[in-house]
Amino acid sequence: MTTNCIEVEHLNLSFDKNVVIEDVSFNITNGQYTGLIGPNGGGKTTLIRIILGLLTPSSGSVRLFGEPASGFMRRYLIGYVPQNASQAEFYFPATAHEIVKSGRTARVGMFRRFKKADNAAIAHAMETAGVAHLKDRLIGKLSGGQRQRVFIARALAGDPKVLILDEPAVGVDTASKERFYEFLHELNKNSGITILFVTHDLGVIAREVETVLCLNTRLLCHSEPGVFTEDKLIEIAYGGKVTPVIHGH
Amino acid sequence: MPEIFQFDFMLRAFATGAILAVIAPVIGIFMVVRRYSLMADTLAHISLTGVAAGMLTKTYPLGGALAVSVIAAVGIEKLRTSRAVFGESAVALFFWGGMAAAVVLLSMAGGFNVGLFAYLFGSISTVTTRDLYLIAALGVLILATIFLLYKELFFVSFDESLARANGLRAENYNLVIIVLAAVAIVLAMPIVGALLIGALMVVPVVTAMQFAVSFRQTLFISIGISLISVISGLVLSYYLDIASGGTIVITALGIFAVVWLITAKKRS
C-alpha cells in the first residue's frame with residue numbers, strides 16, 4: 001500500500017505557447033508538512049489547482065492516495081483553503097457555522113441530510129480552528145484572521161487527510177500570523193493531517209516545515225528546509241528580489 | 001364572509017399568489033447571492049416569446065412561455081460557461097433575441113391586445129383553474145428540488161471553486177438554479193406580470209438581508225415578506241381596482257424602505 005497521498009509525475013501545463021508548469025515531479029507522503037515557495041507567476045497556485053482537479057494538465061499525471069486524480073471520487077479527503085479567502089463575499093448572508101457546515105457537503109453526499117455524526121464533526125472542526133465562539137456571527141462581520149480560521153474549520157469539517165492552503169496568512173497581522181502557523185504545526189503533529197501550503201514567508205519555511213518545494217515553472221528543489229539558508233538557492237527561486245528572514249527554531 | 005373571498009377568480013389569485021410568494025424568494029436568494037438578480041428579468045422577457053407563440057397558434061400561452069424560458073435558461077448558461085462572450089453579454093444577447101422574437105410573433109398574431117397586457121403587468125382576473133393546477137404542481141417540484149439540493153446549492157453559491165475542488169459538479173447546480181428560476185418566472189407571470197417578476201424574486205430577499213442574520217433565517221424572513229407583499233398587494237388590487245403586479249411590487253418595495261430605515265441605525 002502506498003504511503004504517498006500526492007504523487008505528481010512529469011507534469012506540464014501550457015496556455016497557448018505560455019509554459020506555466022514544466023516537467024514537475026514530486027511525492028508527498030502521509031503526515032508530511034510541506035511548504036511550497038516560488039516567485040509570483042511561478043505556477044504555485046496553478047500547481048495546486050491541478051492537484052485539486054480545477055485545472056487539467058497538458059501532460060503528466062497526478063495520483064491521489066494511489067488513484068489517478070482524474071477519476072478520484074473522494075475529493076473531500078483533500079481540504080482546501082483558497083488564496084485571498086479573507087476577502088470572501090462581504091455581503092453573503094451566512095454565519096460562520098453555515099460556512100463551516102458547507103465544508104462537509106461532499107462527504108455527506110447528494111440527497112442526504114446532515115446526521116448527528118456530521119454535526120459533531122462540524123462542531124469539532126470549529127473547536128479545533130478556535131472559532132466555536134463565532135458560530136452565529138455573519139462571515140462578513142469577522143476580521144481577516146477570524147475569517148481565515150473559519151475557512152480552515154470549513155476545510156477540516158470534511159475530515160480531510162490532506163490540507164492544502166494557498167497563501168493562508170495573507171492579510172493577517174504579524175501576531176496572528178505567528179499563532180496561525182503554530183496552529184498549523186500542531187494540527188500536523190497532533191492530528192496527523194498532511195499539510196501543503198504556499199507561502200512567501202521564508203522564515204516560516206525555515207522554522208516550520210519538514211520539506212520544501214521551490215517552484216518557478218520548473219521544480220527547482222524538493223528538499224529539507226535547511227537548504228534554504230543558502231542565498232544562492234533563494235536567488236534561483238526569487239531572482240534575488242526577496243530578502244530571506246530566517247528565524248531560529 | 002368578506003366580498004373578496006366570494007369570487008372564484010380571487011380565490012384562485014390568492015392560492016396561486018401564496019404558492020408564488022413562497023417559491024419566488026426560495027429561488028431568488030440563490031440568484032441574489034450569485035449576482036444573478038437581473039437574470040430573472042431577462043428570462044421573463046424571453047418567455048414573452050412563448051406567450052406570443054401561444055397567442056399566435058391559439059394554444060396555451062403559459063405552456064409556450066415555460067418551454068421557451070427553460071430552453072433559454074439552458075442556452076444562457078451554456079453560452080456563459082463557454083467563455084465565448086462575457087457572462088453579461090450572454091444574458092443581453094438572449095434578452096434582445098427574446099424580445100425581438102416576441103414582437104415579431106405578436107405583430108403576426110394581430111398586435112398588442114388586452115390578453116398580452118395581462119401577461120406583461122399581471123392581473124388578478126386572468127388566473128385560470130388550469131394555471132392554478134400548473135402553478136401548484138410545478139411549485140411543489142421547485143420546493144422539493146431546493147429542499148433536496150439545499151446544501152449543495154448553498155456550497156456552490158458561496159464558493160464555487162471549493163465546491164468543484166470537493167468534487168461537486170458546480171455547472172449542474174448552476175443550471176438547476178437557472179432552470180428553476182425560468183419555471184418560477186412563468187408561474188408568476190399571470191399575477192405579477194412578466195415585467196415585474198424579477199422584483200418578487202429579489203426585493204423580499206434583499207429586504208430580509210437587511211436584518212443581517214443567517215442564510216436560513218434570511219430565507220424564511222424573505223418568504224414572510226413575500227407572502228405579506230403578495231396577499232396585501234392582491235387585496236389592495238381588488239379594492240382599488242389597480243394592476244396586481246404593480247401593487248405587489250410597490251408593497252414589497254415599501255417594506256424594504258421601512259426595514260432599511262429601521263436597520264439604518266444598526267448599520268451605522
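- Interface residue A:Phe114: only side-chain heavy atoms are found under 4.5 Å from chain B.
- When all heavy atoms of B:Leu168 and A:Ala106 are compared, the pair lying nearest together is CD1-CB, 3.7 Å.
- Geometric assessment of A:Arg113 against the ring of B:Tyr150 yields a negative cation-pi assignment under the 6.0 Å and 45° thresholds.
- Both the backbone and the side chain of B:Leu148 come within contact range of chain A, each with at least one heavy atom under 4.5 Å from a heavy atom of that chain.
- Side chains of A:Ser102 and B:Asp159 form no contact here, defined as non-hydrogen atoms less than 4.5 Å apart.
- Of the atoms belonging to B:Phe147, heavy atoms from both backbone and side chain fall under 4.5 Å from chain A.
- Within a 6.0 Å sphere centred on NZ of B:Lys151, heavy atoms belonging to other residues, nucleotides or ligands number more than 12.
- Interface summary for chain B: among A:Asp136, A:Leu77, A:Leu138, the most heavy-atom pairs under 4.5 angstrom belong to A:Leu138.
- Atoms CZ and OG1, from A:Phe92 and B:Thr218 in turn, are 9.5 Å apart once rounded to the nearest 0.5 Å.
- A:Gly103 and B:Asn166 get closest at one heavy-atom pair: O-OD1, 4.0 Å.
- Among B:Ala208, B:Gly167, B:Ala165, B:Ser161, the residue with the largest count of heavy-atom pairs under 4.5 Å with chain A is B:Ala165.
- Here the side chain of A:Glu98 pairs a donor or acceptor atom with the backbone of B:Phe215 at under 3.5 angstrom.
- Note on B:Met209, B:Glu152, B:Arg164: by heavy-atom pairs under 4.5 Å with chain A, the leading option is B:Glu152.
- The distance from atom CG of B:Leu149 to atom OG1 of A:Thr105, rounded to the nearest 0.5 Å, is 11.5 Å.
- The structure places CE of A:Met110 at 3.0 Å from OH of B:Tyr173, a figure rounded to the nearest 0.5 Å.
- Using a 4.5 Å cut-off between heavy atoms, B:Ser214 touches chain A through backbone and side chain atoms alike.
- Using cut-offs of 30° and 60° on the angle between ring planes, the pair B:Phe158 and A:Phe151 is parallel.
- Residue B:Val32: no heavy atom, backbone or side chain, is found under 4.5 Å from chain A.
- At a 4.5 Å heavy-atom cutoff, the contact between A:Arg49 and chain B is made by side-chain atoms alone.
- The candidate from A:Met73, A:Arg137, A:Arg112 with the greatest count of non-hydrogen atom pairs under 4.5 Å with chain B is A:Arg112.
- Here the straight-line distance linking atom CG of A:Leu54 with atom CD of B:Glu160 works out to 10.0 Å at 0.5 Å rounding.
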